[in-house]
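I have placed the structure first, in the form of structure tokens, so that the comments after it can refer back to it.
We count ligands from 1, going down the list as the structure has it; atoms in each ligand are counted the same way. We're numbering straight along the sequence, starting at 1.
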Amino acid sequence: MQSKLFIDGKWYDACEGGMLDVVNPADERVFHRCAAGTAADIDAAVAAAKAAIVGPWSRTSGHDRAGYLRAIARKIEEEKQALAEIEVRDNGKPLPEALWDVGDAAYCFNLYATYAEELDSRQGEIIGVPDERFQSRVKYMPAGVAGLIVPWNYPLLMAAWKVAPAIAAGCAVVLKPSEYTPLTALELGRIAADVGLPNGVLNVVTGYGATAGARLASHPDVRKLAFTGSVPTGIAVASAAAHDIKSVSLELGGKSPIVVFDDADIEQTVEWVMFGIFWNQGQVCSATSRMIVEKGIAPKLVDRLSAEAKKIKIGDGMAPGTLLGPLVSKTQYEKVLRYIDIGKSEATFITGGARPSHLNEGYFLEPTIFADVPPTARIWKEEIFGPVLAVATFETEDEALTLANDSEFGLAAAVMSADHKRAERIADAFEAGVVWINCSQPNFLEPPWGGIKKSGIGRELGTWGLNNFLEPKQITKYQSDAPWGWYLKG
Ligand code: NAD
């Protein structure tokens with residue numbers, strides 16, 4: 001199978017004719033080839049978006065755009081099974097997780113349909129000013145052509161988190177999916193065409209980061225960049241944005257803590273700690289990859305986690321009952337294995353760390369746990385982005401917080417405790433954009449999402465996500481009959 005680029009509502013080969021291989025991480029075989037767009041294709045897509053934004057699209061109301069968003073959501077729901085199966089082959093994740101992601105993507109389009117309608121009623125909102133001779137109003141303009149660059153861990157969902165608010169705001173977009181998982185973004189392009197979204201409003205250019213991605217980030221006609229990915233790429237994207245003073249939002253990596261007090265419910269804790277690090281093979285930006293546990297219960301908890309980790313069914317994401325699929329790519333697999341080697345020299349190796357013996361192909365890795373991890377260890381400080389849990393202990397609340405916050409990242413943090421006052425106190429003191437109490441990872445699309453420190457700039461989701469793609473315009477009117485009387489003294 002082969003795919004082309006989706007530009008201005010039509011399908012094109014890449015200008016330079018390049019192709020990229022799409023590999024199923026469960027069997028390491030190429031099952032699809034996509035056009036590898038380069039700078040010239042990005043230029044064509046940006047030109048299409050720019051033309052769309054000055055055409056009839058610029059005169060649509062939020063209500064009109066909500067119609068398109070709901071139609072896209074309906075189509076995603078109708079095609080949920082097929083889209084999820086594509087995601088499994090592309091990314092490796094177990095089918096139930098892929099079905100969850102696709103359902104969430106549909107929900108996201110519906111949610112931003114509602115926000116698009118609400119935007120109509122916010123237009124012209126009067127802002128109180130302390131001089132009644134003036135009236136100030138705010139109108140919200142779309143930010144313009146938006147470049148959306150997304151990673152491979154939630155291919156369709158990360159695209160939805162950006163495409164839906166951008167369309168709700170009235171932008172026209174160029175979406176650049178990860179070269180590892182380009183297929184559901186192309187399906188989104190096809191769905192947009194099926195529901196009659198005007199040509200040029202959504203363009204999808206598959207290709208490599210260093211070529212297609214870099215051109216999108218630096219294109220002078222792109223006014224807004226929304227990026228999700230790693231810190232080094234985020235820095236490159238922000239630098240490119242700075243050159244043209246583009247608005248930029250960055251959702252980057254993390255090394256999130258989960259602090260466990262000795263009064264926490266042990267069964268709930270085992271469940272949430274495992275969900276926090278093994279869900280999506282640990283390839284989750286907000287994965288709670290550092291467990292900071294009160295010393296007295298550490299041995300018991302680590303034993304339980306180790307026993308449960310060994311029971312996790314690992315295999316092809318399409319096989320019934322699979323809870324842990326392969327990592328996304330050879331590159332990622334080798335990177336995680338390197339960290340496991342490093343960890344063995346830094347900490348106490350507890351379990352996992354290798355390819356399961358029953359799987360001799362595919363990028364499969366056992367769930368892995370290290371204990372006694374010192375705060376100086378690389379596996380404590382650096383984002384591994386795999387199913388690897390690092391455990392350290394604490395004796396006082398202050399010590400727990402110091403360990404939790406001593407990170408260059410600040411995306412997420414979790415606390416497990418039966419003492420609700422203490423849990424709230426810890427939640428307030430966490431240096432993170434997303435905090436969970438007595439759970440880890442559940443994410444709704446209405447609250448804000450994003451991190452502080454090196455985890456990013458800005459927030460996605462909810463109305464914060466919509467505001468990312470809007471430029472407020474102040475309109476101030478002098479409404480008094482009396483002369484202003486500054487220069488002309490009457
Ligand atoms: P990545 O930075 O390697 O790639 C992300 C995207 O950027 C891809 O589409 C890639 O092609 C593109 N890209 C690469 N180089 C580029 C360049 N020079 N200019 C423009 N674009 C370029 O990240 P990844 O490996 O795909 O994803 C994993 C990372 O994403 C992890 O660090 C993870 O924490 C992060 N992530 C963060 C969130 C969040 O919400 N904060 C969500 C998901 C993933």
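Atoms of ligand 1 found under 4.0 Å from any heavy atom of T228 (numbered from 1 in listed order, with element): 5 (C), 36 (N), 37 (C), 38 (C), 39 (C), 42 (C), 43 (C), 44 (C). Remark: ligand 1 atoms within the under-4.0 Å shell around heavy atoms of V237 are 20 (C). The distance from ligand 1 to the heavy atoms of E179 drops below 4.0 Å at these ligand atoms: 10 (C), 11 (O). For ligand 1 and P151, the ligand atoms under 4.0 Å from any heavy atom of the residue are 24 (P), 26 (O), 27 (O), 43 (C), 44 (C).
Surrounding CD of E271 are at most 12 heavy atoms belonging to other residues, nucleotides or ligands under 6.0 Å away. When the shell of 6.0 Å around CH2 of W100 is examined, it contains 12 or fewer heavy atoms from other residues, nucleotides or ligands. By the 6.0 Å contact criterion, CZ on F31 is enclosed, its count of non-hydrogen atoms from other residues, nucleotides or ligands being greater than 12. Within a 6.0 Å radius of CD in E28, other residues, nucleotides and ligands contribute more than 12 heavy atoms. Counting non-hydrogen atoms of neighbouring residues, nucleotides and ligands closer than 6.0 angstrom, the NZ atom of K330 reaches no more than 12 such neighbours.
A perpendicular orientation is assigned to the rings of Y115 and Y112, their planes being inclined by more than 60° (bins at 30° and 60°).
With a 4.0 Å heavy-atom cut-off, ligand 1 is reached by the side chain of L411 but not by its N, CA, C or O. With a 4.0 Å heavy-atom cut-off, ligand 1 is reached by the side chain of I149 but not by its N, CA, C or O. Only the side chain of E383 comes within 4.0 Å of ligand 1, counting heavy atoms alone; its backbone N, CA, C and O stay farther away. Heavy atoms of W449 found under 4.0 angstrom from ligand 1 belong exclusively to the side chain.
The option with the heavy atom closest to atom 14 (C) of ligand 1, from among G209, A185, A236, is G209. With T233, T181, T206, V284 as candidates, the residue nearest to atom 22 (C) of ligand 1 on a non-hydrogen basis is T233. Considering G229, G450, G451 only, the shortest heavy-atom separation from atom 35 (C) of ligand 1 involves G229.
Contact check on K162 versus E460 returns a salt bridge, with a Lys/Arg side-chain nitrogen under 4.0 Å from an Asp/Glu carboxylate oxygen. A salt bridge does not link R89 with E85: every distance from a Lys NZ or Arg NE/NH1/NH2 to an Asp or Glu carboxylate oxygen is 4.0 Å or more. Using a 4.0 Å cut-off between a side-chain N of Lys or Arg and a carboxylate O of Asp or Glu, E471 and K224 do not qualify as a salt bridge. A salt bridge is absent between E383 and K454; no separation between the charged side-chain nitrogens and carboxylate oxygens falls under 4.0 Å.
Nearest to atom 8 (C) of ligand 1 among the protein's heavy atoms is V150 O, 3.4 Å. Nearest to atom 28 (C) of ligand 1 among the protein's heavy atoms is F385 CE2, 3.6 Å. Protein heavy atom closest to atom 24 (P) of ligand 1, with residue, atom name and distance, is W152 NE1, 3.3 Å. Nearest protein heavy-atom neighbour of atom 21 (N) of ligand 1: G213 CA, 3.5 Å. C285 SG, 3.2 Å is the protein heavy atom nearest to atom 39 (C) of ligand 1. Here the protein heavy atom with the shortest distance to atom 41 (N) of ligand 1 is L252 O, 2.8 Å. Nearest non-hydrogen protein atom to atom 23 (O) of ligand 1 is S230 N, 3.4 Å. In this structure, the protein non-hydrogen atom closest to atom 44 (C) of ligand 1 is N153 ND2, 3.4 Å.
To the nearest 0.5 Å, the span separating CZ on F385 from OG on S230 amounts to 9.5 Å.
For atom 4 (O) of ligand 1, no protein heavy-atom neighbour is present inside the 4.0 Å cut-off.
Taking 4.0 Å as the cut-off, P177 counts as a neighbour of ligand 1 on heavy-atom distance. At least one heavy atom of S178 sits closer than 4.0 Å to an atom of ligand 1. Within the 4.0 Å heavy-atom shell around ligand 1 one does not find Y154.
Under the 4.5 Å side-chain criterion, counting only non-hydrogen atoms from C-beta, F227 is not in contact with L216. At least one side-chain heavy atom of I384 sits less than 4.5 Å from a side-chain heavy atom of I379.
Taking distance alone, with nitrogen or oxygen atoms compared against 3.5 Å, W161 stays at or beyond that limit from ligand 1. Residue-to-ligand polar distances keep A217 apart from ligand 1: every N/O pair is separated by 3.5 Å or more.
A cation-pi arrangement is absent between K255 and F409 under the rule of less than 6.0 angstrom and at most 45 degrees off the ring axis.
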